[in-house]
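What's counted below: heavy atoms across the whole structure, side chains too, no hydrogens, waters or symmetry copies. For reference, positions follow the sequence shown, starting with 1. Ligands are counted one by one from 1 in listed order, and the atoms in each one are counted from 1 as well.
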Amino acid sequence: MENPMTEFFPFGTQYHRAPTPLESEWATDMAEIAAKGYTHIQVRPQWRCHERIKGEYDFSELIRLLDEAQRNNLRVIVKPQLENAPDWVFTELGGTRIGFNGQPLPPIAHAAFYVGGWWPCFDNPAVAERASVFTENLARSVKDHPALWFFNAWNEPRSRPLGQCQCPHSRQSYRDYLKKRFGTIEALNSAYGKAWTSFETVFPPHSHSDYVEMFLWRQWAGEAVAQQVEISASAIRRGAPGKFVMCHVGQSSYNQDPACDTSNDLLNSAKVDWYGCSFPIEILPKNDIEYHQPLAQSAWLRRVDGNYWCQEFYTNYASYHREADPEYIEQAIWMALASGCRGLTFWQYRSERFGEESNGWGMRNMDGSPTPRSERCDRVAGELKKWGADFAKTNPVPRKIAVMFDIANDLLMRIQAMSGPLAGVAAIPENCNYSYKQSVRGAVFHLRKAGHSVDFVTPGQDLSGYDLVVAGTWEMVPENAVDSLKKYVADGGTLLIEYPFACRDEKTWCALKRPASQLDELTGCFEAHRISLPKTAGGLGSELPGNCVIPDNPGTRGELAGFSYDDGSVDLATYCKVELTPTTGSVLAHWKNGTGAVVRNSYGKGTVFTCGGNTAIATAEHGFFTGLPVLYKKALECAGLKVDTSDVWSVERASGEHLYRFLFQMGKEPFSMEVPAGFEVVYTSAGANSDGKNIQFAPHATVVLQRKN
Ligand SMILES: [Zn+2]
């Protein structure tokens, strides 16, 4: 939808989640929040607190919070939190979730859900109905309050752990999903070569081993999560017609385990007006890939919703954790802003006082006094207030490069990475460091190191606006993506593929001819032989040419293979070593045994580079970066894109009037540069300074330049 917030840039903080902060603290806190230039607060009324006795609603505390905000001219985002259900949801409505082997998952209290009741099954129609009635009542009770800004329908919707939920209602919901998707049990059986008697005899899987059943079931879980968002969003719309409704996820599909912690951004975002995501970044980063996280995950959120918000920006970890460098915290805030979000909300104002969150997560100290990190947040708030409407109207400058992210392929790759005894499926931990996640992370990072911000694209999307598209570890290319890939290249685009690619059909089975779907017409080669380079090998293996340099990395290391170009340069790959046999393509680089490692092929007016290994996983898994892979240099050059490996990363947003260029110094040494012609320096972080002609940057300093557009 259109962005209606063009008068100021929203920049606020989560404030209240019962039972803290205490009412005696509200007036001073809110006066301070307003004085520092923040535009809004967010409050989280928990179902359990406001309908402790079934049918008796008490929103008096919420109204008093809104009243206090009103006295301080602060807007309020109200986020009903249904996941903290009243006791009677479990004792009277049978709301307890069921995990693997029929094990109940009884409600718990948790430092983040201190009041308890976390979390019932919303597939249970009685639970859904009461949640809906509660939310409608809540929305109606605040809809005319002058401090109410809009609603956030769900905080971090997700289905976890892997076993949830196998209660009778959820089983029925799964069967209904299959019925709707396949029509008849015969059609389902025939689609996957299975032999179920009827939909009523289909049960959630207790194993990952066949891939298909877990694949179907967790796709259902994504639908069920989106349905939870729908329960709340539609109740809000009934109770407060015409008000905006947002929701935000915890991690986003880009960096979330799609099986053990399921949540599908594309399904969820369809249920609300605006979408958002918490901002899980390393605030004590160990390497450049972690430093790159704020930019990478923002790019994905922008694909999901061009009006996305950065929600729950954390300036600290939990429980008396080591403090982050304020200069990096500020840099990460500016990275979030530079990437295109339409608003930002910190988590949270005061540090928490109890449980595992003790003295954690807040901008400020537990008593509300400032910290070195909150002073940085305040400074950014003051600056954004100055930029006002002009910055609120900015959009990211169009990107020339896109990276493919396929949610279904991600799920399949996650399942493929599962291991464990057949009876131990419940013990499989969340994991986001498997092939596909690493491949996408590494590719986006390579492109950033080459000087480019990227867009994400999804299967079947029109790719015509891009000069280069990168797709890696795309084992299962869906039919609807084949035509758009071919059209994109035929019309002159450059496509970079890192293996595996199109190796499975839509049944999830291995294709007999790889790449499948006649995609060898694009690649100009086919897969002759594939070996695995496993993570667990720990050694460098025998697949490395003699002249390649392996950087010292004491961390865990999977097996690497190298491939050589004619000029003697070498790239490193991991995960798989696929020997490519050219058809219409020409071999650009060879494995140690002389077989094809990289093939270049012309197709229509465009060009395809196919690599039988995966350099992106090598970078992401090993956490080192020794320079841009030759593979990427060749693809960028072919696409007419320049390579700028400077340690100052540049990201741009533009309004009709101004271009804002954000410069992030990522090097470990101080750095200086001239102010580019036509620009003026409008902001320097504490670690940078400028006399208007030159800029000096300390490591992780940030500078914002502006010019007339
Ligand atoms: Zn259930």
Side-chain angles (χ1 to χ4, degrees), residues 46-48 51 54 80-110 113 116-135 153-181 199-208 213-235 247 249-250 256-264 267-268 271 411 425-428 430:
Q46 296 160 95
W47 184 10
R48 183 175 174 82
E51 196 187 356
K54 192 176 173 187
Q81 190 150 326
L82 301 177
E83 64 197 72
N84 291 92
D87 289 340
W88 50 265
V89 165
F90 303 95
T91 57
E92 290 182 36
L93 307 184
T96 300
R97 294 173 300 153
I98 306 292
F100 287 117
N101 305 315
Q103 286 293 318
L105 302 166
I108 58 166
H110 172 289
F113 312 98
W118 188 81
W119 136 336
C121 176
F122 291 95
D123 303 323
N124 177 327
V127 176
E129 167 64 15
R130 293 306 306 197
S132 176
V133 171
F134 166 79
T135 307
W154 207 292
N155 168 67
E156 304 194 353
R158 62 215 304 176
S159 174
R160 63 179 178 184
L162 179 61
Q164 90 146 41
C165 177
Q166 309 209 4
C167 81
H169 306 290
S170 300
R171 288 202 306 250
Q172 190 56 48
S173 170
Y174 176 46
R175 291 164 186 162
D176 291 345
Y177 163 78
L178 294 174
K179 216 177 289 182
K180 193 171 164 200
R181 186 166 158 187
F199 284 114
E200 294 314 303
T201 62
V202 177
F203 287 84
H206 287 269
S207 165
H208 54 86
E213 294 192 30
M214 190 63 83
F215 183 64
L216 288 172
W217 187 49
R218 295 323 282 170
Q219 286 181 314
W220 159 80
E223 300 274 350
V225 166
Q227 183 53 33
Q228 290 168 23
V229 175
E230 165 75 22
I231 291 167
S232 177
S234 59
C247 82
V249 281
Q256 187 160 12
D257 182 324
C260 301
D261 186 9
T262 307
S263 189
N264 182 321
L267 298 177
N268 296 335
K271 306 292 186 185
L411 175 58
V425 67
I428 292 173
E430 285 178 27

> Passes side chain to side chain contact (heavy atoms under 4.5 Å, CB included), His206 versus Asn101? Steps please.
Replying inline: CA-CA 8 Å; His206 287 269; Asn101 305 315; 3.5 Å; yes

> For residues Arg218 and Ser159, is any side-chain donor paired with an opposing acceptor at under 3.5 Å?
Replying inline: yes

> What orientation do Trp154 and Phe122 show, parallel under 30°, tilted 30 to 60°, or perpendicular over 60°?
Replying inline: perpendicular

>> Distance alone, cut at 3.5 Å: any donor-acceptor contact between the side chains of Glu51 and Trp47?
In response: yes

> Would you say Leu93 and Glu129 make side-chain contact, with heavy atoms under 4.5 Å?
Replying inline: no

>> Please give me the protein atoms (N, O or S only) lying under 2.8 Å from the Zn ion (ligand 1), ordered by chain and number.
In response: Cys121 SG, Cys165 SG, Cys167 SG, Ser170 OG

> Is Asp123 close to Tyr174 at the side-chain level, that is, under 4.5 Å between some pair of heavy atoms?
Replying inline: no

